[in-house]
Each structure stands twice: as C-alpha cells, then as structure tokens.
Number of protein chains: 2
Amino acid sequence: MSTPHVQRMSRLMAKTLREDPADAETLSHRLLVRAGYVRRSSAGVWTWLPLGKRVLDNVSRVVREEMDAIGAQEVLLPALLPKEPYEVSGRWSEYGDLLFRLRDRKGADYLLGPTHEEIFTLVVKDQCTSYKDLPVMLYQIQTKYRDEARPRSGVLRGREFQMKDSYSFDVSDEGLAQSYALHRAAYQRIFTRLGLDHRIVSAVSGAMGGSASEEFLAPAEAGEDTFADCPSCDYAANTEAVTFALTPAAGDHGPVEELDTPDTPTIESLAALLGVPASATLKNLLVKVDGEIVAVGVPGDREVDLGKLGEHLAPAVVELVTAEDFEGRPDLVRGYVGPQGLDKVRYLADPRVAPGTAWVTGANKADAHARNVVCGRDFEVDRYLDVVVVEPGDPCPSCGAGLRLDRAIEIGHIFQLGRKYADAFGLDVLGKEGKPVRVTMGSYGIGVSRAVAALAEQTADERGLSWPAAVAPADVHVVAAGKAVPLALAEQAASALSEAGLRVLLDDRPGLSPGVKLTDAELIGVPWILVAGRRSADGVVELQHRATGHREELALPEALTRLTPVPR
Amino acid sequence: MSTPHVQRMSRLMAKTLREDPADAETLSHRLLVRAGYVRRSSAGVWTWLPLGKRVLDNVSRVVREEMDAIGAQEVLLPALLPKEPYEVSGRWSEYGDLLFRLRDRKGADYLLGPTHEEIFTLVVKDQCTSYKDLPVMLYQIQTKYRDEARPRSGVLRGREFQMKDSYSFDVSDEGLAQSYALHRAAYQRIFTRLGLDHRIVSAVSGAMGGSASEEFLAPAEAGEDTFADCPSCDYAANTEAVTFALTPAAGDHGPVEELDTPDTPTIESLAALLGVPASATLKNLLVKVDGEIVAVGVPGDREVDLGKLGEHLAPAVVELVTAEDFEGRPDLVRGYVGPQGLDKVRYLADPRVAPGTAWVTGANKADAHARNVVCGRDFEVDRYLDVVVVEPGDPCPSCGAGLRLDRAIEIGHIFQLGRKYADAFGLDVLGKEGKPVRVTMGSYGIGVSRAVAALAEQTADERGLSWPAAVAPADVHVVAAGKAVPLALAEQAASALSEAGLRVLLDDRPGLSPGVKLTDAELIGVPWILVAGRRSADGVVELQHRATGHREELALPEALTRLTPVPR
C-alpha cells in the first residue's frame with residue numbers, strides 16, 4: 001500500500017505569508033516561515049508543518065540509507081536521561097546552562113539529551129563482551145535538546161532539534177581510524193545526495209574531548225562558523241583550528257634600547273610616535289588562568305581570540321585581569337608590559353613571536369618602551385599557542401598561499417573520541433589474548449533539521465525556496481490558473497503525474513488569482529511548476545523549472561514526458 | 001538505493017538472555033528484554049535496540065499509511081512545550097504529578113507534552129480562517145512523556161513512549177462525526193494489518209473532556225484494563241463505561257418494619273442474622289463531594305468503584321468520610337444509615353435501586369435495621385449513577401445476556417472532544433453566512449510502542465516471541481547450524497532470499513551450538529526459520545514456521561520458493 005501522491009493545496013496546512021516574520025534574521029528563517037514549512041512554538045522550538053515534515057523526512061531517509069550502507073545499526077535511545085552517567089563523565093556540570101535539567105515526581109534528577117556518548121557507551125558495555133563483538137557502529141535519528149542562550153535563525157539553531165548521532169566502538173586505533181573513514185565517506189555521499197555544497201575542514205574537538213575531528217560546513221552567509229580555505233592547495237579549516245608555522249628567524253640585532261614614550265599605552269599611539277608598523281610591536285595581554293596571572297604575546301596588529309585561548313587551556317578557567325590584580329605587583333605596569341622583565345609570569349605567545357624575532361615592546365615602567373627586544377635572547381616563550389584571530393590573507397599552514405575566509409553552517413562533525421568515555425565507564429572487552437582491552441570510540445553527528453535550513457540558505461532566491469529534487473516536499477507543483485477548463489486540465493495533469501509515481505502538489509484553491517498562485521508556487525519551491533492557464537482549452541500547459549526559471553509552453557502529453565519520478 | 005537486507009547476528013546489537021530480568025512482570029517485558037529488543041534506561045524509559053527499532057518502525061509505517069489514506073496530514077510538533085497554553089486549558093494543574101515540568105535558563109516554565117490538544121488548536125487557529133479551510137485532520141508520530149506513578153510492564157506503560165496522536169477540526173457536529181468515523185475505520189484497518197486481535201468498546205472520556213469516546217482494546221492477560229463483552233450481541237465496553245438499565249419494579253410491599261439487629265454493622269453480619277441474601281440489603285456509602293456529605297446506595301452484594309464515582313462527579317473532588325465528619329451529625333449513625341431518614345443528605349444510587357424495589361437497610365439508629373424500605377415510597381433517589389464494580393454475568397445493557405469480563409491492553413482511544421479546546425482558545429472560522437463559527441474537535445491516539453508490547457503479549461509462546469509478518473524485524477531467520485558446509489549453504493540461502501527482496505537475519509555466529517542458535521531464533525520470533533544443518537551437503541535445509549511450529553526438510557531451491565516478500 002502506498003501513500004496518496006496528490007496533495008491538494010485547498011486542504012494543505014501551509015498558509016503562506018506575504019510579509020517576513022518580525023524576528024527573522026536569516027533567509028531560511030524568513031522563507032521557511034513565509035512558505036508555511038514551520039511555525040515557532042517557543043524560543044528555538046519549532047512546529048514542522050506538512051511541507052516541512054516532508055523535507056525533514058527526505059533528509060532523514062538519505063541519512064538513514066547511507067548509515068545503513070556502512071553497516072551502522074539504527075537504534076532509538078531515550079531523550080529523557082538519568083543524571084548519573086553524565087555525572088560520571090563530568091558533563092552534568094560541564095554543560096552548564098546548556099543542559100535542560102528536570103526532576104521526576106520522586107525527586108530524581110534527569111536531563112534532556114544534548115548528545116548521547118554516555119548512554120551509548122553503557123549500551124555497548126551491556127551488549128559486547130569480546131573483541132569478536134566489535135567493531136560496531138550504532139546510530140539514531142532523534143530529537144535533541146540544548147538550552148541555547150540565544151536561539152536564533154529559525155531551525156538553524158534551535159533548542160529542540162533533529163539530529164543523527166552515531167558512535168563507533170573498536171578495539172584498536174586502526175579500527176577507529178577505519179570507522180572514522182567510513183563515516184567521513186558516508187557523510188560526503190549524504191551531503192552530495194542532498195544537494196548541499198559542503199567543505200570538510202579541520203576542527204578543534206572542544207568540549208567533546210578526543211583527538212582528531214573534522215567538520216562538514218555548508219558555505220552560507222547566515223552561517224555562524226568561519227572557515228579558512230586555501231586557493232592554492234586543498235587545505236581548509238575552521239578558523240578556530242588554523243595554525244601558524246613556528247619559523248625561527250636569523251639575523252643580528254643591536255642591544256635592547258629603552259625609549260622615552262610618554263602617554264603611549266596603546267599600540268596605535270606607540271606605532272604613531274615611533275613611526276613603526278603595528279606589526280613590529282609586541283602586544284602583551286595579561287589574563288588569569290585558574291587564578292594565576294599569565295601574559296600572552298602577539299604581534300601588535302593582531303587580536304587575541306579569547307575563545308581559542310580558553311579551548312587551548314581547558315579545563316583551566318581563563319579570565320581577564322582587573323585593576324585589583326595589579327595591586328602589590330610592581331612588576332606589572334599597565335600598558336607598558338614587556339616579556340623581558342616578566343620573571344614571575346608565565347609567557348605564552350603566538351608562533352609569530354618566533355625565536356630570533358625582534359620587537360618593540362613595553363619597558364615595564366610607565367611611559368617607556370624598549371626596542372630590539374629579541375625572542376630567545378631577551379625573553380623566553382614558555383608555550384606557543386595559536387590564539388590570534390585569523391585574517392584573510394594569513395598564510396596557509398600547508399602551502400603558504402594567502403587564505404580566504406568564508407561564513408558557513410556546520411552541518412556535520414566527526415570525532416575520533418578515543419578512550420575518554422570508555423575510561424569513564426570502564427568499557428573493556430576480552431581481547432584476542434584473553435586479556436581485557438579498553439575500547440576506543442568515535443562520535444559522529446549530522447544536524448538533520450539544520451541541514452534543511454542550510455539547504456534553504458544555499459538554494460533559495462529572491463522569489464522563494466528552491467529545493468533540490470532529493471529533498472523537495474513534492475516533485476511537481478500543478479497550478480490551476482483559472483476555474484473550469486484550466487482546473488479540469490490541472491486535475492488531469494495531477495492524476496497522470498501521480499499515476500506515473502510523482503508526488504504532486506495541486507493548487508486547486510478556488511477564488512485566488514493565477515498571480516497569487518504562481519507567487520505561492522515560487523515561494524514553496526518545488527522543482528517543477530506546471531501551470532494550466534489561458535491555453536488550457538488547447539490542452540497546452542506551461543512547464544517552469546523553478547531553479548533556472550526556464551519556462552516552456554507544451555501540450556500536456558509532451559509536458560508529462562518531461563517529468564519522471566525522482567528515485568527514492 | 002535500498003537498505004541492506006541481510007543482517008548478520010555476529011554483529012547485531014541483540015544480546016539474548018537465558019534468564020528473565022528480575023523486575024519483569026509481564027510476558028512481553030520478559031521476552032522483549034531477553035530477545036534483545038529493548039533495554040531499560042531508567043524507570044519507565046527504554047532504549048530500542050536494532051530489532052526493537054525495526055518492529056517500532058514497522059508499526060509506525062502501517063499507522064502512517066492508514067492515516068495518510070484518510071487524508072490526515074503528518075506534522076511534527078515539539079515535545080518541549082510552553083506552560084501558557086496548558087494553563088489556559090487548565091491541564092497544567094489538572095495533570096498533577098503526571099506532567100514532567102521544567103524551567104529553561106531564563107526561568108520560563110515548560111512541560112514535556114503528554115498529549116497535544118492545546119498546541120494543535122493553536123496551530124489550526126494560526127492556519128485556518130474560513131470554513132473553506134475545514135475539515136482538516138492532522139497527525140504526528142512522536143515521543144510523549146508522562147511521569148507515571150508506577151511505570152511497569154516494560155514498554156507497555158512507560159514514562160517516555162511513542163504515540164500517534166491526531167486531531168480533527170470541523171465546523172459542524174456532523175463533520176466531527178464523519179472525521180470520527182474515518183478514524184474509527186482507519187484504526188480497524190491498522191490493527192487488523194498489524195495482526196492485533198482487538199475490540200472496540202465504549203469508554204468514558206475522563207480527563208480529556210468531550211462527549212463520545214471509544215477504546216480499542218487488545219485482549220491480553222497483562223492488560224491493565226477490564227472490558228465487558230456480550231456473548232449474545234455485539235455489545236462491548238470498558239467496565240468503567242458499562243451501564244445498568246433503570247427498570248422500575250411493580251409490586252405491593254408491607255409497611256416499613258424496624259428490626260432489632262444488635263452488632264450488625266456489616267452486610268455479612270446483617271444478612272446472616274436475618275437469613276436474607278446480601279443482594280436484598282441496601283448498602284449506603286457516605287462520601288464527601290467537594291466537602292458536602294452525600295450517600296451512595298448500592299445493593300449489599302455490590303462494591304462501589306470509587307474511580308467511576310469520581311469520574312461521574314468530576315471536576316468535583318470525592319473523598320471518603322472520616323470519624324470527624326460524624327461529629328455534630330446525629331442523623332448519621334455509622335453502620336446503620338438508611339436513605340429513608342436522610343433528609344439533609346443528597347442520595348445517589350445505582351440503577352438497581354429502582355423505584356418500586358424494597359430493601360433491608362439501616363434504621364438510622366444503632367443496632368437497628370428496617371425492612372420493606374421501598375424506593376419512591378419511603379425515600380427518593382436524587383441522581384442515578386453507574387458506580388458499582390461490574391461482575392461477570394451482569395446483564396448486557398443491550399440484550400440482557402450475561403456479560404463476560406476480560407483483561408485487555410488499551411491500544412487506541414478515539415474521542416469526540418467537541419468544543420472544549422476551541423472554547424478555551426477561541427478557535428473560530430468565518431462561516432458560510434459570514435459569521436464566526438466555533439470549531440469542533442476530535443482527538444485520536446494510538447500507543448505505537450505499546451502496540452509492540454501488545455503484539456508480543458498476544459503472539460508469544462513459551463519459546464519466545466512470534467511476530468506477525470507485517471511487523472516482524474525480518475522476514476526469515478537463516479541459521480547456520482554448523483561451520484563450513486552448513487555456513488556456506490546458509491550464506492547462499494541468505495543471499496538468494498535477500499535478492500528476492502526478503503529481509504534476512506543470518507545467524508553466522510561462530511562457536512555456538514545449533515541448539516543455542518535455534519533457541520535464540522525461536523526467542524527472537526521471526527516468522528520463518530531456515531536451518532542449514534546436518535543435511536547441508538545434500539543441499540537440504542529445514543524450514544520452520546515459527547507460529548505453528550511446523551517443520552519440513554526441503555531442497556534449498558524448493559524452500560526458497562516457499563518464501564515470498566511481505567508487501568510493505
């Protein structure tokens with residue numbers, strides 16, 4: 001038994017709107033609401049109306065097929081999860097306000113799952129006892145919950161959202177690498193089949209823990225991520241993961257020379273006074289790391305990304321210094337700090353502050369700077385960190401060409417977690433030699449509802465949505481542009497197309513002008529629009545390709561032969 | 001692209017257990033855990049492992065097809081819902097502890113949806129403005145939450161569960177009746193296709209409000225509902241909804257006669273002393289209804305169902321009386337109350353206490369009863385209510401034959417809600433005459449995860465699960481009962497079956513005896529079991545039909561022709 005293929009607009013729960021919703025910031029948000037795909041229930045929580053639900057299902061189907069194809073097994077875990085496993089992993093507290101927490105009638109603590117590493121680890125611990133049971137890959141397509149501080153951009157960043165999460169379990173690092181490679185290839189096929197333009201970029205693992213990780217990014221203006229890619233080689237990375245090669249410099253420098261620089265507490269004032277570029281000066285940012293003051297040195301023309309600094313030093317807590325921190329510290333002169341006088345302070349620096357480079361920097365006394373301060377001669381760097389904000393034109397870590405920066409939406413993320421969760425829960429299996437072997441894990445996610453928004457962002461135009469065939473809510477949108485004869489011809493076309501296996505949206509709404517119906521059809525964005533209009537009496541329809549705007553008048557039988565079912 | 005059809009047991013996440021889980025009370029709970037379909041995550045919250053997920057999906061698919069076939073549109077509403085609409089309807093408080101409540105990071109109140117009448121009403125209010133937009137039917141298959149006081153019986157009564165809920169919106173009572181009839185017929189097709197033995201019974205509407213309602217019950221020992229059905233006609237009802245016809249009696253009775261009955265505060269002691277059947281005595285239960293004491297009269301051999309009493313009188317609160325309530329009430333003599341002396345107390349009664357019937361009852365003084373107390377002559381009934389516990393043999397309200405009582409699982413419930421929610425949210429559409437018309441609603445539910453448990457209850461036997469073809473996790477279970485030749489033949493059979501479009505479970509596990517594998521196959525309960533065993537060298541397999549136990553040895557090609565794909 002199959003589902004009916006003709007959906008009549010006269011009954012469809014998809015009220016189109018002429019105006020953008022007041023709070024909509026991004027194209028996909030505006031259009032998905034205006035075209036009747038989604039409606040807001042509460043902040044970051046959405047109702048999927050029939051058209052939206054179909055697109056969501058189409059995305060899920062492609063994801064499911066490719067996960068099945070690599071041998072992953074589909075399961076369904078609860079969204080309502082007990083606190084204890086998340087206490088064991090530490091994430092009950094690490095997640096902070098991002099976690100929805102609740103109590104049941106007996107006072108027991110629960111959370112709404114943001115991601116399920118802990119629970120999958122426990123499932124495998126229950127199910128697998130021997131190396132012979134591995135490798136195994138499990139996945140689910142499930143509703144996830146994150147209490148975002150600023151839910152925004154419609155379904156792009158919701159608090160309740162659909163996600164495919166999968167987990168691999170192996171006995172060896174080689175096995176993990178293989179499970180990771182299987183997922184990586186499956187993700188490429190998934191996004192290609194969905195029609196999503198995407199890039200694979202190096203990423204930092206962040207709160208998830210683990211070693212290697214890559215992101216799948218869909219370039220789009222509305223994206224919240226920035227990635228760097230190289231025009232000359234295949235390097236691409238989230239800007240958070242871009243590195244700069246540490247290259248010691250050779251060269252003779254004169255001795256340190258102190259300069260009288262009154263009233264120059266900023267890089268700009270200093271560079272202007274001395275007539276040197278800001279890039280020749282060394283900026284020393286003071287921060288507290290778990291309460292200890294440390295200095296971070298970067299060239300004067302660069303900004304420190306405090307988020308990156310925090311990730312490098314995690315789980316230590318990074319804070320800015322306050323006026324109080326300078327009390328009783330005569331060695332720290334605000335605005336005039338230089339690394340050559342910081343004996344009691346740990347010094348972290350950007351790789352651009354390489355051994356052998358010479359700098360203008362603070363002289364550790366008010367209104368004074370020093371010139372020819374040479375790294376490795378006059379000061380030492382305790383640790384190099386990539387913490388500057390990446391800028392367009394920065395050198396590619398791979399080939400040295402100038403990097404480009406672009407905005408993108410994160411649609412997938414794959415992690416080699418390693419043994420972090422297996423350690424936390426004691427997940428061992430009996431190895432070949434009869435001894436327990438600790439399992440190593442991978443974790444892999446696709447934002448299913450976010451992929452819908454990303455597709456909308458990439459394919460929409462000023463007239464509305466324009467779906468790739470694989471995900472469109474219907475294959476063809478038949479418009480009855482008129483009563484009587486046009487309506488009869490539209491009905492005839494809809495029946496014939498439906499019988500041929502196409503999914504048809506039929507605009508049979510009475511009392512609307514052809515113009516209104518065509519505007520709605522373009523807004524809704526089904527790949528083909530077939531209009532039965534003024535030449536209906538001759539059996540002639542207009543066939544319009546939504547993406548290209550190409551239109552052609554054809555006899556109905558000819559138009560029908562142009563439309564074939566999309567393989568699903 | 002299609003999903004792979006051979007699932008190898010060597011990799012399948014379905015560890016079978018020889019022992020019943022300690023806390024398992026029902027057959028389905030024991031077997032679904034033992035056969036590796038589900039695992040408990042926390043009380044009443046379950047993980048669906050691959051086999052369980054497939055059965056769940058198969059049930060969902062049938063439900064979806066039949067809902068689509070009656071023109072219902074699939075949507076997906078959030079599970080995380082704001083408090084406000086449930087305050088408007090009153091259910092934020094009415095649900096009491098059954099509701100999971102939580103707060104977000106900003107302190108706003110939310111709930112996890114137990115059922116979505118409020119939100120669907122708001123969706124339709126947003127989408128529909130004219131009578132031309134109606135009727136409309138919407139549905140979703142979604143995770144629901146209820147914080148049950150005693151979650152039990154595995155997935156039969158969980159706190160997180162899968163449900164299909166749908167809602168109809170009509171402008172007239174006739175329209176609602178038609179939407180209700182469409183759902184009723186769709187539910188019959190769904191349960192028939194799933195292979196569930198089921199009965200449609202009259203039900204009470206309970207907390208949902210509204211008028212007409214029927215339940216779909218699956219007879220099973222493990223059921224928590226009891227229903228009455230008539231062996232002579234088609235009457236069937238939840239015992240909570242069984243009525244007794246009020247039939248006035250004719251006949252002459254002598255005057256009321258007071259009897260000295262020392263020490264007879266109970267029906268048993270009274271009946272014994274007087275030598276009359278308990279059914280000839282009138283028992284008067286005192287309860288408080290919103291704080292007012294009222295009496296409820298039933299024949300002495302019957303029990304009052306306080307749940308039914310509460311539902312009849314809702315939203316009034318019904319409580320039992322305490323010793324303190326008798327203080328200052330000399331008219332109420334504990335153990336010797338009779339309706340003929342209750343001037344200040346409202347008198348409710350079972351229809352068996354009909355006008356013209358005569359009773360032995362309390363004389364309203366200690367140690368005394370009265371005989372020949374005639375209803376309508378010596379006392380009046382203020383209101384008749386069906387509140388007695390129904391017993392086997394009670395007369396059918398339709399034909400009078402003795403009713404049977406059976407246990408059953410509630411798998412579906414359909415309600416004509418009427419205008420309760422439309423009134424609460426002001427859901428009107430513009431009618432034909434240009435005036436606003438209040439919308440009338442129906443609400444319809446199927447417990448999808450519960451249907452899996454109900455199917456297990458009805459079809460399992462002492463050896464394990466035994467699924468109907470439509471929902472089985474695979475079509476055929478191929479067992480390699482041996483290494484080398486049997487394994488090769490099993491692989492050959494699995495490939496051939498898979499190519500023919502069947503979903504195959506292949507037991508390729510090394511190192512297990514044929515006996516263990518066959519025991520597992522019977523436990524897992526796929527409809528057909530094909531064993532490549534000791535006659536493999538001759539190309540002969542054993543084909544076993546799980547439900548009947550019928551076995552036959554056949555050449556493999558002959559066995560293959562017996563197995564054909566199940567239409568899906």
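Chain identifiers are assigned alphabetically (A, B, ...) following the order of the sequence lines, protein sequences preceding nucleic acid strands; residue numbering begins at 1 within each chain.
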J.: Strictly by side chain to side chain donor-acceptor pair (under 3.5 Å), give each pair with a member in residues 119-128 of chain B just once, sequence neighbours left out.
T.: A:R39-B:D126
J.: For A:Q178, I'd like to know if atom CD has over 12 heavy atoms of other residues, nucleotides or ligands within 6.0 Å.
T.: no
J.: What part of B:L138 is in contact with chain A, defined as an atom under 4.5 angstrom from a non-hydrogen atom: side chain, backbone, both or neither?
T.: side chain
J.: Looking only at heavy atoms, which two atoms of A:P78 and B:W46 are closest? And how far apart?
T.: CG-O, 3.5 Å
J.: So which of B:K106, B:E148, B:R101 has the biggest tally of heavy-atom pairs under 4.5 Å with chain A?
T.: B:E148
J.: Mind checking whether A:S10 and B:K132 have side chains closer than 4.5 Å, heavy atoms only?
T.: no
J.: Give the minimum heavy-atom separation between B:R11 and A:Q73, together with the two atoms involved.
T.: O-NE2, 2.6 Å
J.: What's the verdict on side chain to side chain contact (heavy atoms under 4.5 Å, CB included) for A:L76 and B:T143, showing C-alpha distance, side-chain angles and the deciding distance?
T.: CA-CA 11 Å; A:L76 181 62; B:T143 306; 5.6 Å; no
J.: Contact part of A:L112 toward chain B, heavy-atom cut-off under 4.5 Å: side chain, backbone, both or neither?
T.: side chain
J.: Report which part of A:L51 has an atom under 4.5 Å of a heavy atom belonging to chain B: side chain, backbone, both, or neither.
T.: neither
J.: If you tally heavy-atom pairs under 4.5 Å against chain A, which of B:L12, B:L56, B:T129 wins?
T.: B:L12
J.: Evaluate the criterion side chain to side chain contact (heavy atoms under 4.5 Å, CB included) for residue pair B:M13 and A:V75; output intermediate values, then yes/no.
T.: CA-CA 9 Å; B:M13 290 294 269; A:V75 298; 5.5 Å; no
J.: Given the options A:A149, A:A14, A:G36, which has more heavy-atom pairs under 4.5 Å with chain B than any of the others?
T.: A:A149
J.: Determine yes or no for a side-chain-to-main-chain donor-acceptor pair under 3.5 angstrom, with B:E160 supplying the side chain and A:A79 the backbone.
T.: yes
J.: Quick one: what part of A:L122 sits under 4.5 Å from any heavy atom of chain B, side chain, backbone, both or neither?
T.: neither
J.: Hey, are B:D133 and A:K15 close enough for a salt bridge, meaning a charged N less than 4.0 Å from a carboxylate O?
T.: no
J.: I need the residue from A:V45, A:D57, A:L49, A:D104 with the largest number of non-hydrogen atom pairs under 4.5 Å to chain B.
T.: A:D104
J.: Name the option with the most non-hydrogen atom pairs under 4.5 Å to chain A; the candidates are B:L102, B:L80, B:L98.
T.: B:L80
J.: B:P135 versus chain A, heavy atoms under 4.5 Å apart: side chain, backbone, both or neither?
T.: both
J.: For the interface with chain B, which of A:P85, A:S42, A:G158 has the highest count of heavy-atom pairs at distances below 4.5 Å?
T.: A:S42
J.: Please name all residues satisfying side chain to side chain contact (heavy atoms under 4.5 Å, CB included) with B:D97, sequence neighbours left out, ordered by chain then number.
T.: A:R105
J.: Considering only heavy atoms, which portion of B:V124 lies under 4.5 Å from any heavy atom of chain A: side chain, backbone, both, or neither?
T.: both
J.: So which of B:R509, B:Q162, B:R159 has the biggest tally of heavy-atom pairs under 4.5 Å with chain A?
T.: B:R159
J.: May I ask you to check whether over 12 heavy atoms, not counting those of B:R18, lie within 6.0 Å of atom CZ?
T.: yes
